[in-house]
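Data block below; observations after.
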2 protein chains.
Amino acid sequence: MLETNPNPNLDEILIRSARLMAHRGYHGTSMRDLAEVTGRSLSGLYHYFEGKEDLLYLINKQGFTSLLDLAEDLREAGFGPTEMLKGLISRHIGFFVDHLDEMRVMMFGTLELSKDRGREINRLKEVYRQNVQKIVQAYIAEARGSGLSEVELARKTYLLFGMMNWIFGWYSSGAHGTPEDLADDIFRTFTEGCAAG
Amino acid sequence: MLETNPNPNLDEILIRSARLMAHRGYHGTSMRDLAEVTGRSLSGLYHYFEGKEDLLYLINKQGFTSLLDLAEDLREAGFGPTEMLKGLISRHIGFFVDHLDEMRVMMFGTLELSKDRGREINRLKEVYRQNVQKIVQAYIAEARGSGLSEVELARKTYLLFGMMNWIFGWYSSGAHGTPEDLADDIFRTFTEGCAAG
DNA sequence: CCGAAAACCGAACGATCGTTCGTTCTTGTA
DNA sequence: TACAAGAACGAACGATCGTTCGGTTTTCGG
């Protein structure tokens, strides 16, 4: 119960904190706000966290670790390039939609974190980006027959991230289709262009 | 002794403020920070602005108005659907790269603004989005021969915005090609898919 | 050179911030 | 029942926040 099982109270606090921080930003959310929204007193929060920065750090670390696990599971599935790219987009979008608030927080950047913690989160982010880039590289090599330069490949990968991550600002499952519809649309647009469908 | 700007104007203050807000967020940037970076005293800033929110409002209004002007100029050029889409992407990216800090601020949202001002900015944003959507619609109608549903068309437009706007987090002209290269890549990826080039 | 308008400043206000402290409830186990 | 440990609390700390105010300097047409 100490190290093996995550504290359910702690996860609940992180989720509710992310919901608030997603809409007000890190500096715009006070510890008093977080205490109220988690049903605790201000000083009671400090029983679980060393400080406000802890919350931001844990939201980021948990989020990017989950994304990395998703990519790792996918790699072990042994798909071909096309299924791999399709599966990655689907899982990324699925996780995004299920954790919209945490993802919003994760996009505000790491500048509020300490130097060491900021580096740690950025490292996780970069590893995930490289995993995605390898999948994009494999797909393009198959579809195109020849490879892209490093600059072009990185750019294409960033464009894919753009389509996937920009949804934080507009997507609602009611008005813009299911997450599966969205993932399919991104896959087809990225591989065939906007007239595909 | 403060290092004062010899001939300061309002635009200069906005640019320097945006540079700071882009990296620290609205709440993370204090009026004292803004006074220092603009070479003025704290109270001296209030000679130009009614308050902190004024700065955020003016940065947003100026930015979205400029984007709308760009789209308006383009519409008067009388291009066909393909040149129109290409020109829009090129101008949007060009403005983005020239005003990276302001664009970063504009993406943090309008929740810090007053109700009326927030609505005004969101209206500008929505008008610009609809302009872009019309251009996308015209292109797809030509390339595909048939139209898309409203939901699909809006989704495609958001995907294009994703590729264009996500650059705020990664693009540097040194490592990822010129703005023209980037605009070309987005155009080709959006119209033909990632293997185009 | 004058004087009013504009530009600018230091000092301070009340409010809120993150954090800390000493204390009190609650709970599990012996 | 006893009692240590975890959980939660109210109150207060110094720091910083946005803003205001009274006064000083600079600018510039007459």
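Chain letters run A, B, ... following the sequence lines, proteins first, then strands; residues in each count from 1.
Nearest-nucleotide mapping onto DNA chain C: of A:Asp33 and A:Ser43, the residue sitting toward the 5' end is A:Asp33.
Looking at heavy-atom distances under 4.0 Å, A:Leu45 makes no contact with the nucleic acid at all. Residue contacts for B:Thr29: at a heavy-atom cut-off of 4.0 Å it reaches the sugar-phosphate backbone alone, with no base atom in range.
When the nucleotides C:dA7, D:dA11, C:dC8 are ranked by their closest atom to the side chain of B:His47, C:dA7 comes out on top. Here D:dT20 is the nucleotide among D:dT20, C:dT20, C:dT19 with the atom lying nearest to any side-chain atom of B:Tyr46. Nearest to the side-chain atoms of B:Ser41 among the listed nucleotides D:dC21, C:dC8, C:dG18 stands C:dC8. Taking only side-chain atoms of B:Leu42, from C-beta outward, the nucleotide of C:dT19, C:dA12, D:dC9 with the closest atom is C:dA12. Side-chain proximity of B:Arg32 to D:dC17, D:dT20, C:dT19: nearest is D:dC17.
Distance, B:Tyr48 OH to C:dA5 C1': 13 Å, rounded to whole Å. Atom pair B:Glu53:CD and D:dC17:P shows a separation of 19 Å (rounding to whole Å applied). Summarising the geometry, the separation between CD on A:Glu36 and C1' on D:dA8 is reported as 17 Å, rounded to the nearest angstrom. Look at CZ on A:Arg40: it is 16 Å from P on D:dG6, rounded to the nearest Å. Atom CG in B:Leu34 sits about 11 Å away from atom P in D:dC17, given to the nearest Å. In this structure, CZ of B:Phe49 is placed 16 Å from C1' of C:dA6, rounded to the nearest angstrom. Atom P of nucleotide C:dC9 and atom CE of B:Met31 are separated by 13 Å, given to the nearest angstrom. To the nearest angstrom, C1' of C:dC17 lies 12 Å from NE2 of A:His27.
B:Val97 places none of its side-chain heavy atoms less than 4.5 Å from the side chain of B:Met103.
The existence of a salt bridge linking A:Arg32 and A:Glu36 is excluded, since no basic side-chain nitrogen approaches an acidic carboxylate oxygen closer than 4.0 Å.
Taking a 6.0 Å sphere around NZ of B:Lys86, one finds it holds 12 or fewer heavy atoms contributed by other residues, nucleotides or ligands. Within a 6.0 Å radius of CD in A:Glu50, other residues, nucleotides and ligands contribute 12 heavy atoms or fewer.
No close placement of the A:His27 and B:Tyr26 rings is indicated, their centers lying 6.0 Å or farther apart.
Contact annotation: A:Ser30 reaches the phosphate of C:dC17 (side-chain N/O to OP1 or OP2, under 4.0 Å).
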